[in-house]
Amino acid sequence: MSISIAIVEDEKNYNNALKKVINYQDDMKVVAQFFDGNDALKNLTSFSPDVVMMDIQLQDMLGIEIIEKLRKDMPETQFIMCTSFEDDEKIFNSLKAGAMGYLIKGESMDKILCSIRDVYNGGAPMSLSIARRVLGHFERKLPQNKDFDDLTEREKEILELLSQGLLYKEIADQKFISIDTVKKHVGNIYRKLHVSNKVEAINKFNHFKN
């Protein structure tokens with residue numbers, strides 16, 4: 001089944017370049033392009049894409065505002081911020097609004113394509129520099145060491161790779177297991193650490209290491 005994607009990006013060359021590369025893939029297709037925020041705000045819901053590649057600093061509004069206004073009406077859609085901004089406030093506000101990924105525009109197209117597949121499969125892809133910044137924003141109650149001890153050696157290995165910014169497919173390839181097996185391990189990690197997403201899991205992992 002093809003992954004449907006909408007692109008919200010006011011830089012036309014980049015928007016069209018993304019569309020061209022995405023449509024070249026066998027498993028994904030661009031169903032809508034928007035070059036300004038108001039157009040996206042009015043029409044995104046009618047397309048109900050699986051994934052939205054969202055620029056932050058549009059000429060007429062912030063991409064964060066669009067996510068905040070549409071999130072409830074598009075519960076099945078995953079938003080990935082794709083932007084040149086790396087400041088903490090925009091990163092944190094994007095994730096708080098409901099974005100599940102945050103990529104810097106300098107990332108390779110291969111990384112962007114992998115991230116689309118990853119977020120579609122339940123992941124939370126981020127550029128490495130972004131992931132490090134995000135961790136500083138999450139101050140959670142420190143878990144008991146027992147939580148970490150409950151993890152199997154393989155689960156600890158996968159958590160370590162997640163903390164390094166690897167995608168599910170990259171972990172599967174490195175460990176010679178299927179993506180479905182990686183997902184099962186990640187589900188077990190979330191349950192044992194009492195967390196609901198990758199950022200929380202990595203944050204707890206870093207506390208354990210320290």
Side-chain angles (χ1 to χ4, degrees), residues 1-5 17-18 21-29 50-53 78-83 86 91 94-95 99-138 140 142-210:
M1 185 175 175
S2 184
I3 305 171
S4 59
I5 298 148
L18 274 179
V21 172
I22 288 169
N23 281 345
Y24 191 71
Q25 310 305 306
D26 293 331
D27 60 340
M28 56 182 75
K29 181 176 179 60
D50 296 314
V51 178
V52 175
M53 302 298 291
Q78 305 300 326
F79 292 87
I80 298 178
M81 307 312 275
C82 194
T83 180
E86 293 188 54
I91 296 167
S94 295
L95 300 174
M100 289 305 295
Y102 200 113
L103 301 176
I104 300 305
K105 284 183 179 176
E107 293 285 7
S108 69
M109 285 296 178
D110 281 344
K111 173 74 172 180
I112 291 172
L113 293 170
C114 285
S115 296
I116 290 172
R117 296 182 181 104
D118 191 39
V119 80
Y120 178 73
N121 287 311
M126 294 184 197
S127 297
L128 284 176
S129 61
I130 299 300
R132 291 192 186 100
R133 288 170 179 263
V134 167
L135 294 176
H137 279 289
F138 288 85
R140 303 288 183 188
L142 290 178
Q144 299 296 317
N145 285 339
K146 175 182 170 297
D147 293 341
F148 189 65
D149 292 339
D150 285 342
L151 299 181
T152 65
E153 287 306 311
R154 175 50 62 91
E155 287 165 358
K156 290 176 183 177
E157 290 172 3
I158 289 175
L159 186 52
E160 169 74 45
L161 294 175
L162 282 175
S163 74
Q164 294 172 14
L166 270 67
L167 301 176
Y168 287 5
K169 183 181 185 305
E170 294 169 328
I171 295 174
D173 291 344
Q174 186 163 325
K175 291 299 177 183
F176 303 104
I177 56 179
S178 70
I179 291 178
D180 284 340
T181 300
V182 173
K183 289 180 185 176
K184 287 178 183 176
H185 283 310
V186 171
N188 288 335
I189 291 168
Y190 289 178
R191 178 175 54 80
K192 292 177 180 180
L193 294 185
H194 308 290
V195 298
S196 58
N197 59 56
K198 182 163 70 173
V199 172
E200 292 179 7
I202 293 172
N203 194 35
K204 284 195 173 185
F205 176 66
N206 286 329
H207 283 310
F208 286 128
K209 287 202 303 184
N210 295 333

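Keep in mind that the numbers below use all heavy atoms, side chains included, and drop hydrogens, waters and symmetry copies.
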Any side-chain heavy atom of [X] within less than 4.5 Å of one from [Y]?
X	Y	result
F79	V119	no
R154	I177	yes
K169	N121	no
D118	Q78	no
E157	L161	no
M28	L113	yes
I91	M126	no
I189	F205	no

Atom of [X], atom of [Y] and distance for their closest heavy-atom approach:
X	Y	result
C114	L167	CB-CD1, 3.1 Å
G165	L128	CA-CD2, 3.6 Å
I5	M53	CG2-CG, 4.1 Å
S94	Y102	OG-CE1, 3.7 Å
K198	Y190	N-OH, 3.1 Å
A201	L193	O-CD1, 4.3 Å

The test is side chain to side chain contact (heavy atoms under 4.5 Å, CB included); show your working for I116 and Q25 and say whether it passes. CA-CA 12 Å; I116 290 172; Q25 310 305 306; over 6 Å; no
Donor-acceptor under 3.5 Å (K29 side chain, S2 main chain): no
Regarding Q174 and E170, do their side chains bring together a donor and an acceptor under 3.5 Å, going by distance alone? no
Measure the spacing between [atom1] of [X] and [atom2] of [Y] and express it to the nearest 0.5 Å.
X	Y	atom1	atom2	result
I104	I130	CD1	CD1	4.0 Å
E153	I158	CD	CD1	12.0 Å
D27	R117	CG	CZ	4.0 Å
H185	L162	NE2	CG	11.5 Å
I179	D173	CD1	CG	7.5 Å

Lys/Arg N to Asp/Glu carboxylate O, D180 vs K184, below 4.0 Å: no
Side chain to side chain contact (heavy atoms under 4.5 Å, CB included), that's the test. Do L159 and E155 meet it? Break it down for me. CA-CA 6 Å; L159 186 52; E155 287 165 358; over 6 Å; no
Begin with the C-alpha distance, continue with both residues' side-chain angles, and end with the deciding distance and a verdict on side chain to side chain contact (heavy atoms under 4.5 Å, CB included) for K105 and L18. CA-CA 11 Å; K105 284 183 179 176; L18 274 179; over 6 Å; no
